[in-house]
Amino acid sequence: MRLPSPSYREHVELVATVLVTITILQYLGVLGRSGDIDVVFLVVLGITLPIFTYLLTVAGENIEWMSKWDRMVQADE
């Protein structure tokens, strides 16, 4: 089983982008009442998002056909 080394900067940028986007959508009323921000949801998301992202990265690293994906989708131009 291969365990990739995580890029902490990439994880921080991803989490920050997602949290800011969700916060704006909550404040605008797209994800609930307008003006309400669910802080508990944002904290839980901020904690679990890097964990699940890393687990998906590990799964992708260990799936054999993922490494061959570039060869499967190449198009002759």
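The figures here come from the full heavy-atom set of this structure, side chains too, leaving out hydrogens, waters and symmetry mates. As the structure is a prediction and not an experimental result, all values here were calculated from the model.
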- Message: Return the CD1 to CG distance between Ile37 and Leu28, rounded to the nearest 0.5 Å.
- Response: 9.5 Å
Considering only distance and modelled atom types, tabulate donor-acceptor pairs under 3.5 Å from the side chains of residues 40-56, sequence neighbours left out.
residue: Thr48; atom: OG1; partner: Val44; partner atom: O; Å: 2.9
residue: Thr53; atom: OG1; partner: Leu49; partner atom: O; Å: 2.7
residue: Tyr54; atom: OH; partner: Pro4; partner atom: O; Å: 3.0

- Query: Does one hydrophobic cluster hold both Val58 and Val15, with members joined at side-chain heavy-atom distances below 4.5 Å?
  - Reply: no
- Using the side chain to side chain donor-acceptor pair (under 3.5 Å) rule, collect all pairs that involve residues 11-33, keeping only residues at least two apart or in two chains. Arg9-Glu13, Arg33-Asp36
- Query: How would you list, by chain and number, every residue that makes a side-chain hydrogen bond (donor to acceptor under 3.5 Å, both in side chains) with Glu10, sequence neighbours excluded?
  - Reply: none
- Message: Side-chain heavy atoms nearer than 4.5 Å, only ILVMFWY residues, links allowed to pass through others: does that put Ile22 and Leu14 together?
- Response: yes
